[in-house]
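Structure first, commentary second.
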Amino acid sequence: MEGLVSSQPFPSSVIQRRLSTVYLHRLTRFSSCAPLRAAQQSGITGGSEGVSSAVEGKVSEQEVGMYQDEVVASQGIRIRRRPLTGPPLHYVGPFEFRLQNEGNTPRNILEEIVWHKDKEVTQMKEKRPLYTLKKALENVPPPRDFIGALRSAHQRTGLPGLIAEVKKASPSRGILREDFDPVAIAQAYEKGGAACLSVLTDEKYFKGSFENLQSIRDAGVECPLLCKEFIIEAWQIYYGRSKGADAVLLIASVLPDLDIKYMIKICKILGMATLVEVHDEREMDRVLAIEGVELIGINNRNLETFEVDIGITKRLLEGERGELIRQKDILVVGESGLFTPEDIAFVQEAGVKAVLVGESLVKQSDPGKGISALFGRDVSG
């Protein structure tokens with residue numbers, strides 16, 4: 001992948017030290033991750049050098065880009081956070097234009113979503129600065145135990161705890177439900193036995209919104225809520241919490257390890273859970289090495305191609321990885337491609353104790369009955 005992947009491995013210790021400083025420089029500017037004040041007030045430190053020593057040093061913009069690229073390459077992340085700088089402008093008479101090229105064209109749908117999200121979040125932050133979100137948190141009900149709800153459902157039914165997804169559309173399937181009432185769907189899910197709910201908040205590609213999230217919480221739904229957002233900045237975590245979210249999604253194919261690490265710490269401070277999503281062995285190994293991970297989602301859908309293979313879940317939970325997950329008592333969530341009781345049984349046998357299901361439920365005229373069909377029996381008791 002041009003501009004990202006290098007054939008030469010980078011010394012991990014050097015990258016870690018430099019990124020700790022670069023990362024905290026980014027925090028100061030609040031351009032891509034945790035707000036520095038929140039980190040300082042909550043005792044978060046960065047790398048081996050800590051917050052205070054890192055902030056004292058001055059880091060140039062060139063260094064920020066350089067070491068971000070190095071870390072992205074060393075961790076196998078293929079999704080570029082934003083377009084690369086395009087070629088020189090071309091002039092024809094009084095007009096100027098920039099040619100479309102590999103550097104400024106998304107290579108897949110996930111990259112397109114992330115690039116759009118980068119612009120969207122920048123605009124949203126201007127309207128709702130971080131200090132206003134922190135103020136708003138004073139009036140938000142305390143977060144609910146997302147992981148505890150999943151474990152309890154698993155113990156009660158002997159089946160994976162269900163995270164039922166409130167989703168109107170997706171880039172691969174288009175509109176899933178024309179008569180989309182997020183509150184009614186959420187209530188049907190809860191009545192049908194869902195342990196938790198996932199609410200899509202991306203507007204452009206999934207026809208969701210943060211208002212849907214807030215409406216479901218305000219309607220008295222008791223299930224803990226996952227903010228299903230493409231998170232690239234900590235600001236989004238605070239915004240989700242202000243709308244009633246109890247958990248957030250962090251995607252390993254988008255976020256470098258230190259971003260995941262710091263976002264997990266911020267979520268713990270806010271009392272929220274983090275569902276860290278992986279798709280392949282390399283991502284799983286990265287996430288298992290991060291301190292504080294309690295909930296891992298294995299997405300059977302490749303977010304770059306949208307191809308689905310539920311065998312991915314079994315493959316990632318075999319051997320040493322599965323043993324390490326058991327030792328760490330990490331709860332694993334199976335995601336995507338789950339439509340029948342046989343699918344549920346397959347991922348459960350692989351080691352999954354929770355599942356996240358949207359499409360096969362939201363399309364049902366009665367989503368609650370769809371849950372019974374998914375598991376092969378009533379799980380609402």
Side-chain angles (χ1 to χ4, degrees), residues 1 3-4 23 26-27 29-35 64-65 68-69 71-72 75 77-86 103-130 133 165-172 198-214 226-243 245 247-260 262-264 266-267 272 274-279 283 297 299 301-306 335 358:
M1 299 296 177
L4 282 182
Y23 183 87
R26 290 163 54 202
L27 298 191
R29 298 171 61 247
F30 202 65
S31 62
S32 75
C33 201
V64 171
Q68 282 178 339
D69 287 347
V71 170
V72 164
Q75 294 176 7
I77 297 173
R78 297 180 295 271
I79 301 302
R80 299 172 295 182
R81 180 65 62 88
R82 53 183 63 86
L84 303 176
T85 302
N104 60 32
T105 305
R107 293 175 295 200
N108 53 62
I109 184 62
L110 179 56
E111 194 164 83
E112 180 182 335
I113 291 171
V114 169
W115 287 12
H116 179 267
K117 190 63 62 178
D118 186 59
K119 296 179 181 178
E120 179 184 277
V121 172
T122 298
Q123 295 170 353
M124 293 175 71
K125 284 162 55 179
E126 292 178 357
K127 297 178 182 178
R128 293 294 304 274
L130 182 61
L133 297 184
E165 190 152 86
V166 181
K167 175 168 66 172
K168 181 175 182 178
S170 76
S172 60
S198 167
V199 183
L200 263 297
T201 53
D202 178 80
E203 184 172 350
K204 180 174 181 179
Y205 297 93
F206 291 86
K207 310 302 179 187
S209 70
F210 283 93
E211 285 64 38
N212 289 348
L213 180 71
Q214 185 170 21
L226 170 72
C227 175
K228 189 76 174 290
E229 171 73 336
F230 293 85
I231 290 182
I232 55 174
E233 295 197 18
W235 181 90
Q236 293 162 281
I237 298 175
Y238 284 90
Y239 191 57
R241 176 83 275 271
S242 75
K243 297 295 184 178
V248 295
L249 175 72
L250 305 179
I251 304 176
S253 61
V254 172
L255 298 169
D257 295 356
L258 273 180
D259 280 25
I260 296 174
Y262 278 73
M263 288 181 180
I264 287 175
I266 288 170
C267 285
M272 304 174 72
T274 49
L275 175 60
V276 187
E277 184 176 282
V278 304
H279 176 71
E283 290 176 1
N299 197 338
R301 175 177 285 113
N302 185 321
L303 293 179
E304 297 178 38
T305 66
F306 277 82
E335 306 175 18

Check: If you take all heavy atoms of Cys227 and Gly240, which pair is closest and at what distance?
Finding: SG-CA, 4.4 Å

Next item on the list: Determine the minimum heavy-atom distance between Cys267 and Thr274, stating which atoms define it.
Entry: SG-CG2, 3.3 Å

Main-chain N/O of [Y] paired with [X] side-chain donor or acceptor, under 3.5 Å:
| X | Y | value |
| --- | --- | --- |
| Arg82 | Lys119 | no |
| Trp115 | Arg80 | yes |
| Glu283 | His279 | yes |
| Thr201 | Lys228 | yes |
| Gln236 | Phe230 | yes |
| Trp235 | Pro129 | no |

Next item on the list: Please determine, by modelled atom types, if Tyr205 and Glu112 share a side-chain donor-acceptor pair under 3.5 angstrom.
Entry: yes

Next item on the list: Please lay out, stage by stage, how Ile231 and Ile237 fare under the test side-chain contact (heavy atoms from CB on, under 4.5 Å).
Entry: CA-CA 8 Å; Ile231 290 182; Ile237 298 175; 4.0 Å; yes

Quick check: do [X] and [Y] have side-chain heavy atoms less than 4.5 Å from each other?
| X | Y | answer |
| --- | --- | --- |
| Leu255 | Arg81 | yes |
| Lys168 | Phe206 | no |
| Asn299 | Ile251 | no |
| Leu250 | Glu277 | no |
| Ile77 | Pro256 | yes |

Check: Would you call Glu335-Arg301 a salt bridge at under 4.0 Å N-O?
Finding: no

Note to self: Could you walk me through whether Lys167 and Lys207 satisfy the side-chain contact (heavy atoms from CB on, under 4.5 Å) test, starting with their C-alpha distance in whole Å, then the side-chain angles of each, then the deciding distance to 0.1 Å, before giving a yes or no?
What the structure shows: CA-CA 8 Å; Lys167 175 168 66 172; Lys207 310 302 179 187; over 6 Å; no

What's the spacing between [X] [atom1] and [Y] [atom2] if we round to 0.5 Å?
| X | Y | atom1 | atom2 | result |
| --- | --- | --- | --- | --- |
| Met263 | Leu258 | CE | CG | 11.0 Å |
| Phe306 | Asn108 | CZ | CG | 9.0 Å |
| Ser253 | Gln75 | OG | CD | 12.0 Å |
| Asp202 | Lys117 | CG | NZ | 3.5 Å |
| Met272 | Ile266 | CE | CD1 | 11.0 Å |
| Gln214 | Ser209 | CD | OG | 9.5 Å |

Check: Could you go step by step and tell me if Lys125 and Glu233 meet the salt bridge (charged side-chain N to carboxylate O under 4.0 Å, His left out) rule?
Finding: CA-CA 10 Å; Lys125 284 162 55 179; Glu233 295 197 18; 2.9 Å; yes

Item checked: Step-by-step side-chain contact (heavy atoms from CB on, under 4.5 Å) determination, Leu275 to Leu226 -> CA-CA 8 Å; Leu275 175 60; Leu226 170 72; 4.0 Å; yes

Check: Could you go step by step and tell me if Val166 and Ser198 meet the side-chain contact (heavy atoms from CB on, under 4.5 Å) rule?
Finding: CA-CA 6 Å; Val166 181; Ser198 167; over 6 Å; no

Note to self: Quick check on Glu203: does its CD atom have over 12 non-hydrogen neighbours (other residues, nucleotides or ligands) under 6.0 Å away?
What the structure shows: no

